[in-house]
Amino acid sequence: DLILIEKETAPITYEMAAVSIGDVQKTQKLRCSYQQVNDETLSFSISGKRVAEVYVEEGESVVKGQILAELDVGNAQDQIRTLEYNIARNELNLKKSAINEQDEISAVWLRFLFQSGKSAGEQAAVEKNVEGIQQRYRYNREDWEDAIALDKAQLAALQSDLKNSRLVAGMDGTVSDIKDYLEGSTSVRDEEVIKIIDSTECLFEVTDTTWASYFEEGKEVDLSIVSGTGAGEYKLVPHDKENWGEVMLFTLSGNTENVNIGVGASGTIRFSVEERKQVLTVPLKAVHLASGKSYVYVLGEGNMREVKWIETGLFGDETVEVLSGLTEGE
């Protein structure tokens, strides 16, 4: 005959907890990351040029207006200096021309006044001479003006090419990213090659906006960062909630003088979604469910566990609201 022997199980162990008056709180957790408010991505507006120099490295601090990289533009700088010299020289010639013209005309009239008989014929000759002088200087001025206009057009074109060949920081910040092997490569129009971030002003960013209505301006929530130099517990408050869009932004609350949290650090925001104040409660782990109903175990006669059905309200993180079925101190 086959005999089945059932092995005895170990006795069930449990903890006792008294029904008490307290608060029941249900919270939600959201992942967040510490991100800079301002950043800038830079790209060349010219394709097909060799990247001659990259003057910065990742992690380096830069200031607004600083040249970060530039393309090979040949002898453009020498051409610009030559054009600037020619323009300045011809503009000086124009100024001297007006003075010389007036001096020459004045000399003609002085000779007429003091070295001639002042006859009508002599005056007519002087006027014709003056007209010739004016015409000669006018032709000279037109030549210089044409030369200046041409040089300025060439200068503007070269300066535009030079400007487009340089990447210039538009803000103070830190270089966070540079395209691999950028120096010596060929430029591609509008390709992002350098990124600058402003790490002096950062906020915690949450991309899940479905919980936005649960936050209030000035109301603190808990933040936990478990790793990195900024690991610890913090308090956050919503930042500019009226202008939240695709992300929710939070800033540190209280004294942040000695806080050192790196850009990109991630943490968990914990906030209350529902709460009951000063109600009858039992620990969450004491409540069991069966067929959609709640029950707990109580000690009956002979210290035997007995099932007791209860009506529950809010299930919190650690406690459950009891509406009926138990009394305080039970």
Side-chain angles (χ1 to χ4, degrees), residues 1-35 204-216 219-236 238 246-248 250 261-262 264-330:
D1 295 331
L2 179 64
I3 301 175
L4 300 179
I5 300 177
E6 183 177 349
K7 184 177 179 181
E8 292 185 2
T9 58
I12 298 175
T13 59
Y14 51 85
E15 298 175 5
M16 299 294 295
V19 182
S20 61
I21 300 294
D23 298 339
V24 179
Q25 186 180 59
K26 182 177 180 60
T27 63
Q28 175 69 28
K29 294 180 179 180
L30 293 175
R31 297 293 294 172
C32 65
S33 60
Y34 196 50
Q35 300 294 341
F204 287 91
E205 180 180 286
V206 178
T207 55
D208 183 358
T209 59
T210 56
W211 301 93
S213 61
Y214 287 88
F215 299 98
E216 299 176 15
K219 186 176 181 180
E220 292 183 334
V221 294
D222 297 320
L223 167 70
S224 176
I225 299 177
V226 297
S227 62
T229 56
E233 303 295 322
Y234 304 91
K235 294 290 185 181
L236 299 181
E246 296 180 356
V247 296
M248 300 187 296
F250 298 84
I261 302 175
S266 60
T268 302
I269 292 177
R270 184 170 174 264
F271 60 98
S272 175
V273 295
E274 197 170 353
E275 190 174 22
R276 300 286 189 273
K277 293 281 190 179
Q278 295 300 294
V279 294
L280 203 63
T281 69
V282 293
L284 176 64
K285 61 183 180 180
V287 179
H288 308 277
L289 298 176
S291 301
K293 296 181 179 181
S294 300
Y295 68 91
V296 295
Y297 288 110
V298 298
L299 286 183
E301 293 183 5
N303 286 334
M304 295 295 294
R305 291 199 309 166
E306 298 177 356
V307 170
K308 193 167 189 178
W309 297 95
I310 63 173
E311 183 182 0
T312 57
L314 175 64
F315 277 71
D317 296 340
E318 298 177 355
T319 56
V320 177
E321 178 186 14
V322 179
L323 300 178
S324 63
L326 293 171
T327 58
E328 184 181 1
E330 191 174 354

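Quantities reported herein were computed from a predicted structural model and do not represent experimental measurements. Worth knowing before you read on, the calculation uses all heavy atoms, side chains too, and leaves out hydrogens, waters and symmetry mates.
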Worked verdict on Arg305 versus Val298 for side chain to side chain contact (heavy atoms under 4.5 Å, CB included): CA-CA 6 Å; Arg305 291 199 309 166; Val298 298; over 6 Å; no
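- Counting heavy atoms from C-beta outward, Ile21 and Leu280 have side chains that approach closer than 4.5 Å.
- Without hydrogens or angle criteria, Thr281 side chain to Ser20 main chain gives a donor-acceptor distance under 3.5 Å.
- Residues satisfying the salt bridge (Lys or Arg N to Asp or Glu O under 4.0 Å) criterion with Lys235, sequence neighbours excluded, are Asp222.
- The number of heavy-atom neighbours closer than 6.0 Å to CD of Glu318, taken from other residues, nucleotides and ligands shown, is 12 or below.
- Taking CG of Leu30 as the reference point, atom CG of Asp208 lies at 5.5 Å (rounded to 0.5 Å).
- Contacts classified as salt bridge (Lys or Arg N to Asp or Glu O under 4.0 Å) and involving residues 280-301 (residues at least two apart or in different chains) are given here: Glu15-Lys285.
- Residues that satisfy the ring-ring contact (aromatic ring centres under 6.0 Å, His included) test with Phe315, not counting sequence neighbours, are absent from this structure.
- Ser272 is linked by a side-chain contact (heavy atoms from CB on, under 4.5 Å) to Gln25, Glu275, counting only residues two or more places apart in sequence or in another chain.
- Summarising the geometry of Val273 relative to Tyr214, their closest heavy-atom pair is O-CE2, 3.4 Å, with the distance given to 0.1 Å.
- Smallest separation of non-hydrogen atoms from Val322 and Val282: CG2-CG2, 3.8 Å.
- Of the N and O atoms on the side chains of Arg270 and Ser224, not one donor lies less than 3.5 Å from an acceptor on the other residue.
- Under the salt bridge (Lys or Arg N to Asp or Glu O under 4.0 Å) criterion, Glu246 pairs with no residue, sequence neighbours left out.
- Going from atom OG1 of Thr27 over to atom CD of Glu274 covers 12.0 Å, rounded to the nearest 0.5 Å.
- Under the side-chain contact (heavy atoms from CB on, under 4.5 Å) criterion, Ala18 pairs with no residue at all, not counting sequence neighbours.
- Distance CD1/Ile310 to CG/Leu326: 5.0 Å, rounded to 0.5 Å.
- Taking every heavy atom of both residues into account, Val24 and Val320 meet most closely at CG2-C, 4.1 Å.
- The salt bridge (Lys or Arg N to Asp or Glu O under 4.0 Å) check on Glu330 picks up Lys308, with sequence neighbours excluded.
- For Tyr34, the ring-ring contact (aromatic ring centres under 6.0 Å, His included) partners at least two apart in sequence or on another chain are Phe204.
- Atom CG of Leu299 sits about 10.0 Å away from atom CE of Met304, to the nearest 0.5 Å.
- Within the model, atoms CZ of Arg276 and CD of Gln278 stand 14.0 Å from one another, a figure rounded to the nearest 0.5 Å.
- In terms of the side-chain contact (heavy atoms from CB on, under 4.5 Å) criterion, residue partners of Ala212 (sequence neighbours excluded) are, by chain and number, Trp244, Met248.
- Listed by first and then second residue, the ring-ring contact (aromatic ring centres under 6.0 Å, His included) pairs involving residues 273-296 are His288-Tyr295, His288-Tyr297, Tyr295-Tyr297, Tyr295-Trp309 (not counting sequence neighbours).
- Nearest heavy-atom pair across Ile261 and Gly230 is CG1-CA, 4.1 Å.
- The OG1 atom of Thr312 sits 7.5 Å away from the CG atom of Leu289 when rounded to the nearest 0.5 Å.
- Take Val247 and apply the side-chain contact (heavy atoms from CB on, under 4.5 Å) test, not counting sequence neighbours, and it matches Glu205, Thr207, Leu249.
- Looking at heavy atoms from C-beta onward, Gln28 lies in side-chain contact with Trp211 at the 4.5 angstrom threshold.
- Residues satisfying the salt bridge (Lys or Arg N to Asp or Glu O under 4.0 Å) criterion with Lys219, sequence neighbours excluded, are absent altogether.
- Between Phe271 and Phe215, the angle of the ring planes lies from 30° to 60°, which puts this pair in the tilted group.
- Scanning both residues, Thr268 and Lys29, for their nearest heavy atoms gives CG2-CB, 3.7 Å.
- Closest approach of Val287 to Ser294, counting heavy atoms only: CG1-CB, 4.0 Å.
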